[in-house]
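A short worksheet on the structure shown next.
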Protein chains: 2
Amino acid sequence: MHTSIAKHIQNHIHPSAIDMQKIFSILNEVSVSKGAFLLKPGTRVKHEYFVVKGCLKAYYMDGKGSKHILQFAVENWWIGDFEAFYNQGNSNLYIEAIEDAQLLSINHDALQVLYEDAPIFERYFRILITKAFISQQKRILSTQEKHTQERYLDFCKSYPSIENRVANYDIANYLGVTPENLSRVRKTLK
Amino acid sequence: MHTSIAKHIQNHIHPSAIDMQKIFSILNEVSVSKGAFLLKPGTRVKHEYFVVKGCLKAYYMDGKGSKHILQFAVENWWIGDFEAFYNQGNSNLYIEAIEDAQLLSINHDALQVLYEDAPIFERYFRILITKAFISQQKRILSTQEKHTQERYLDFCKSYPSIENRVANYDIANYLGVTPENLSRVRKTLK
DNA sequence: TATCCCAATTGATATAGGTCAATGAGATTA
DNA sequence: TAATCTCATTGACCTATATCAATTGGGATA
């Protein structure tokens, strides 16, 4: 169960065997079935999740009842409500399984202890959040610079592993356009 | 010169006096005059900058020659091309002073040594990038959820210290709309 | 004071994408 | 097989914002 996360960690930092034991000891296995929720708004956020198997989406529901997908996650991605996790507040997001999923959860308080005990993980999560920051920055630029067609093509190119696992209306939502618009754009690409 | 950054650091972590000496020893003072550039595309990015005094903007110039402001920075903010700094690649951004500015620069290689030598700073920068990630996430949601008027009002509320120091066409650019559109929106608010 | 320069505003028009409503098509269930 | 259900597509129309082109206004400079 820990093979994939071990590899992911070792791709980013060089922990000792003891460090690895320490993080393994605070990870817990979680399963979610397709269509079920890992997180709903109003819940106190105590965990972030590493995806071992499956596919999920994290979305915000605004005051008018519209969804806005912030993130998809497939194998070897972390997912969570990072804002609420950081602030230790209540969630604003839904996290829903698009496919049956197996995850590893890490608890907030245990993570703070781990940071003291094995500071190398401070680096691991710093690197991950930095990469996430960089891709968000690209997403912001992409939205301002490009029209739907180009953004859709970029999405398919950047996330081929996601494009064929999620519905087009979810891709449209992630891109910030309507399913109708994406459908018309796709038509011109055929 | 180090007073403001010392305070900023101590607002986020609890370093020893020795830790503080260590980070001070790798900070360098930099000045930029209004209208001058701290960074231009194609330059190897070796530094990030803490703003002691002044106001700056970081923007990307796309293939069609349109600017896209990613970030403003005033006193006590960090600014830089975080992507190129992280990847140690060439810059894609312009960083331009909107007012005469005094900055403290931190060198990439010196920072890596500092991380080994005083790991508490791994935490400091992890926290800062996490906060930056959170505000970017809000910016993405805001763009998808709200029209110009509401985004403009949010901007003024969130960044009162910036709103009255930068030109409206720069605010419009940051919001991803034209100056004409922002002007019309502002008219309806009077 | 008069002259520049920008930024801001205003007007007229164009367009990408949204909204609403209906239809199709593939998969699942009775 | 028939009946659902869900997602994708298509059509007609609407709207927020972009674009292009003047014009205005206020601060700096000669």
Side-chain angles (χ1 to χ4, degrees), chain A residues 33-37 55 57 59 61-69 72 94 96-100 139-156 162-190, chain B residues 33-36 55 57 59 61-69 72 96-100 139-156 162-190:
Chain A
S33 308
K34 177 176 175 171
F37 292 88
C55 181
K57 60 183 173 185
Y59 58 89
M61 178 95 58
D62 70 25
K64 295 168 206 130
S66 304
K67 297 177 180 181
H68 304 278
I69 296 178
F72 294 111
Y94 292 87
E96 181 182 341
I98 292 176
E99 303 169 358
D100 289 352
R139 187 174 172 190
I140 289 170
L141 282 179
S142 173
T143 304
Q144 294 198 356
E145 182 186 349
K146 298 170 183 173
H147 286 180
T148 307
Q149 170 168 323
E150 201 173 351
R151 293 221 308 288
Y152 175 66
L153 292 171
D154 287 352
F155 180 88
C156 293
I162 293 179
E163 188 248 328
N164 46 40
R165 287 170 77 172
V166 311
N168 286 334
Y169 68 83
D170 274 341
I171 295 177
N173 188 295
Y174 179 86
L175 296 175
V177 301
T178 59
E180 293 95 328
N181 185 24
L182 181 61
S183 172
R184 284 186 247 264
V185 163
R186 281 162 47 82
K187 194 179 178 184
T188 70
L189 294 173
K190 282 174 200 162
Chain B
S33 307
K34 178 176 175 170
C55 180
K57 59 183 172 186
Y59 58 89
M61 177 96 58
D62 70 24
K64 298 169 205 127
S66 304
K67 297 177 181 180
H68 304 277
I69 296 178
F72 294 111
E96 181 183 341
I98 293 177
E99 303 170 359
D100 289 353
R139 188 175 172 188
I140 289 171
L141 282 179
S142 173
T143 303
Q144 294 198 356
E145 182 186 348
K146 298 169 184 173
H147 286 180
T148 308
Q149 171 168 322
E150 201 173 351
R151 294 223 306 289
Y152 174 66
L153 292 171
D154 287 352
F155 179 88
C156 293
I162 293 178
E163 186 249 329
N164 47 41
R165 286 169 79 171
V166 312
N168 286 334
Y169 67 84
D170 274 341
I171 295 177
N173 188 295
Y174 179 86
L175 297 175
V177 300
T178 59
E180 292 94 329
N181 185 26
L182 181 59
S183 172
R184 285 186 246 263
V185 162
R186 281 162 47 83
K187 195 180 178 184
T188 70
L189 294 174
K190 282 175 199 162

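Proteins come first, then strands; the chains are lettered A, B, ... in the order of their sequence lines, and each starts at number 1.
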End axis versus end axis in the helix from C:dT1-D:dA30 to C:dA30-D:dT1, the angle rounded to 10°, five pairs used at each terminus: 30°

Separation between CG of A:Leu189 and CG of A:Leu153, rounded to the nearest 0.5 Å: 5.0 Å

Report all interatomic pairs (protein N or O, nucleotide N or O of nucleotides 5-11 of chain D) with separations under 3.5 Å.
{"from": "D:dC7", "atom 1": "OP1", "to": "A:Tyr169", "atom 2": "OH", "distance (Å)": "2.7"}
{"from": "D:dA8", "atom 1": "OP1", "to": "A:Asn168", "atom 2": "N", "distance (Å)": "2.9"}
{"from": "D:dA8", "atom 1": "OP2", "to": "A:Tyr169", "atom 2": "N", "distance (Å)": "3.1"}
{"from": "D:dT9", "atom 1": "OP2", "to": "A:Ser183", "atom 2": "OG", "distance (Å)": "3.2"}
{"from": "D:dT9", "atom 1": "O5'", "to": "A:Ser183", "atom 2": "OG", "distance (Å)": "3.3"}
{"from": "D:dG11", "atom 1": "N7", "to": "A:Arg184", "atom 2": "NH1", "distance (Å)": "2.9"}
{"from": "D:dG11", "atom 1": "O6", "to": "A:Arg184", "atom 2": "NH2", "distance (Å)": "3.2"}

Report yes or no: is the cationic atom of A:Arg139 (NZ for Lys, CZ for Arg) under 6.0 Å from the centre of the six-membered ring of A:Tyr174, at an angle within 45° of the ring normal? yes

Do you know the tightest heavy-atom contact between B:Arg151 and B:Lys146? NH1-O, 3.1 Å

For B:Thr148 and B:Asn181, does a side-chain donor sit closer than 3.5 Å to a side-chain acceptor? yes

Side-chain donor or acceptor of B:Asp100 paired with backbone N/O of B:Lys34 under 3.5 Å: yes

Outermost contacting nts on DNA chain C, any atom under 4.0 Å from chain B heavy atoms, listed 5' then 3', are C:dA7 to C:dA12

Is there a donor-acceptor pair under 3.5 Å between the side chain of B:Ser66 and the backbone N or O of B:Asp62? no

Across all chains, not counting sequence neighbours, the side-chain hydrogen bond (donor to acceptor under 3.5 Å, both in side chains) partners of A:Glu99 are A:Arg165

Residue pairs passing the salt bridge (Lys or Arg N to Asp or Glu O under 4.0 Å) test with at least one member in residues 170-186 of chain B, sequence neighbours excluded, are B:Lys57-B:Asp170

Look at the rings of A:Phe155 and A:Phe72 and say which category their plane angle falls in: under 30° parallel, 30 to 60° tilted, over 60° perpendicular. perpendicular

What pairs of nitrogen or oxygen atoms, one from the protein and one from nucleotides 27-30 of chain D, lie under 3.5 Å apart?
none

